[in-house]
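Reading through the structure tokens given below for one structure.
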2 protein chains.
Amino acid sequence: MKAAEKAYQELRSSIIDGSHPPGSRIIEQEVAAAAGVSRTPVREALRRLEAEGLLRFVPNQGAFVRSWNAQDVEDIFELRAMLEGYAARLAARSASDAQVAELQSLAEQQRDAARRRSRGWLNRVADLNARFHDLLQEAAQSERLAATLATLSNLPLVLQTFRDYQDEDLERSAHHHLELVEAIKARDPVWAESVMHAHVMAARRVFRTLHSNGKD
Amino acid sequence: MKAAEKAYQELRSSIIDGSHPPGSRIIEQEVAAAAGVSRTPVREALRRLEAEGLLRFVPNQGAFVRSWNAQDVEDIFELRAMLEGYAARLAARSASDAQVAELQSLAEQQRDAARRRSRGWLNRVADLNARFHDLLQEAAQSERLAATLATLSNLPLVLQTFRDYQDEDLERSAHHHLELVEAIKARDPVWAESVMHAHVMAARRVFRTLHSNGKD
DNA sequence: TGACGGTTAATTGTATACAACCCGGGGGGC
DNA sequence: GCCCCCCGGGTTGTATACAATTAACCGTCA
């Protein structure tokens with residue numbers, strides 16, 4: 001793997017897993033040492049992460065892990081609802097039969113994993129969920145859309161919310177995915193978009209109730 | 001100005017004005033020489049432009065000016081319609097009185113400039129249009145939204161379409177802006193969003209008719 | 001004691017040097 | 001004559017050295 005890519009991956013995952021909490025400062029030298037590369041590729045990785053909205057640059061002070069307020073959270077979910085909805089719309093038009101089958105398989109696996117609750121089920125469900133959304137974006141066949149969505153869907157905010165789902169939330173999520181597959185099978189763009197919109201709005205609701213009576 | 005910023009500005013404008021046509025390769029050394037800086041800040045500028053969707057990187061081959069197909073164009077307008085619509089929605093909620101007044105002023109100036117056709121009116125209209133959209137985004141008060149929209153609104157595609165507007169298109173554009181101001185004054189988010197959506201859809205129509213019976 | 005200023009250490013920003021890699025041209029083999 | 005391989009120029013990718021800027025510490029003075 002290229003040095004810049006390595007630095008990017010390492011820093012990114014350490015932001016997402018919380019090793020670098022929001023607001024904390026990123027020292028180029030430390031990242032470089034951790035990844036075993038020089039500062040040059042690290043700086044490129046930092047710029048990429050800035051573009052993705054994970055970092056914030058202050059001139060002559062470097063990079064800080066981006067934090068979000070209530071408005072940011074609202075925006076992120078609102079934008080995701082629109083963009084993932086659009087992705088679903090496109091997928092309903094142009095997904096291949098193989099992709100539809102794969103989507104159905106992922107949705108069914110997710111439903112079963114959430115029901116069975118065998119060891120490590122939570123990580124498994126989160127992984128299946130991520131793969132479902134990724135595959136849907138791929139089926140939408142829009143580089144521009146994928147690039148835009150990447151900056152909204154790969155946030156700690158989004159990736160970790162899953163861990164706080166209640167039983168009914170998990171069930172609803174699985175149902176949404178299954179319904180989406182049906183809508184795509186039926187080649188019904190409007191139906192697909194509507195389901196996806198509801199899917200994200202439901203996720204926003206979970207997040208809101210979690211963070212309204214709590215910290216910050 | 002910082003070297004990286006300088007390189008970014010120079011390269012960016014030379015892409016937008018067509019000096020570097022779509023598909024052409026960008027040589028780091030040339031950009032560095034043109035901007036009077038070294039290759040290091042140039043590489044950062046290239047990464048930024050990649051994140052904004054103006055460039056495409058091929059490993060070990062460097063950067064190429066991004067080109068678009070019909071699907072890309074559709075996506076860009078579709079995404080802009082959704083996102084700028086959302087911006088209008090937010091602006092209707094939280095624009096200050098001063099911002100509303102400024103928006104109105106800009107819209108009226110644009111209308112008058114398009115009517116009078118005094119010297120340099122086209123550039124003037126394009127500038128007023130850009131300032132209107134920028135101010136609207138500012139009034140929306142969403143960093144995340146602004147960042148996402150920046151990668152969609154600052155494309156050659158969008159910025160140059162204006163030059164091809166017919167009289168009726170220019171008039172409609174000015175009317176949309178004036179109506180938007182009314183909707184925001186009335187603090188009516190749904191109205192504002194609808195008008196903006198129509199505004200972008202109208203722009204898409206102009207672009208479609210221009211490029212359907214022509215090149216690529 | 002508290003505020004101000006200078007000095008220094010740490011960090012970012014930039015330039016330069018070097019290594020890795022790609023691509024095209026020329027020569028040799030079949 | 002055609003194909004393959006090797007090599008050299010050019011470009012990207014990375015490391016290191018140096019300049020510019022910041023922030024903090026410490027001492028001095030009111």
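Residue numbers begin at 1 in each chain, while the letters A, B, ... track the order of the sequences.
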Any Lys/Arg nitrogen of [X] or [Y] sitting under 4.0 Å from an Asp/Glu carboxylate oxygen of the other?
X      : Y      : value
A:E143 : B:R66  : yes
A:E30  : A:R39  : no
B:E5   : B:R12  : no
A:D97  : A:R187 : yes

Earliest and latest nucleotide of DNA chain C, 5' to 3', sitting under 4.0 Å from a non-hydrogen atom of chain A?
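Span of nucleotides near chain A: C:dT11 to C:dT14.
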
Give the rounded distance in Å between these two atoms: CZ of B:R47 and C1' of D:dT12.
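Rounding to the nearest Å, CZ of B:R47 and C1' of D:dT12 are 10 Å apart.
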
For the pair made of CZ in B:R43 and P in D:dT11, what is the distance, rounded to whole Å?
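After rounding, the gap between these two atoms is 14 Å.
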
Using atom names, set out every protein N or O paired with an N or O of nucleotides 18-21 of chain D below 3.5 Å, distance rounded to 0.1 Å.
from, atom 1, to, atom 2, distance (Å)
D:dT21, O3', A:N60, ND2, 3.3

Which residues pass the salt bridge (charged side-chain N to carboxylate O under 4.0 Å, His left out) test with B:E10, not counting sequence neighbours?
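For B:E10 there are no salt bridge (charged side-chain N to carboxylate O under 4.0 Å, His left out) partners, ignoring immediate neighbours.
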
Relative to the 5' end of DNA chain D, which residue comes earlier, A:T40 or A:P59, by the nucleotide with the nearest heavy atom?
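Its nucleotide being nearer the 5' end, the pick is A:T40.
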
If you find the nucleotide of DNA chain D closest to A:A3 and the one closest to B:R25, which residue's nucleotide is nearer the 5' end?
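In this pair, the answer is B:R25.
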
Tell me, do B:Q141 and B:L90 make a side-chain contact under 4.5 Å, heavy atoms counted?
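Answer no - side chains too far apart.
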
Without swapping roles, check the side chain of A:T151 against the backbone of A:A147 for a donor-acceptor pair under 3.5 Å.
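Looks like no, no N/O pair under 3.5 Å.
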
For B:I26, report the nucleic acid contact type (base, sugar-phosphate, nothing); a contact means any heavy atom under 4.0 Å.
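B:I26: backbone/sugar contact only, no base atoms under 4.0 Å.
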
Please work out which of the three classes, parallel, tilted or perpendicular, describes the rings of B:H177 and B:F132, given edges at 30° and 60°.
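If you compare the ring of B:F132 with that of B:H177, the planes turn out parallel.
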
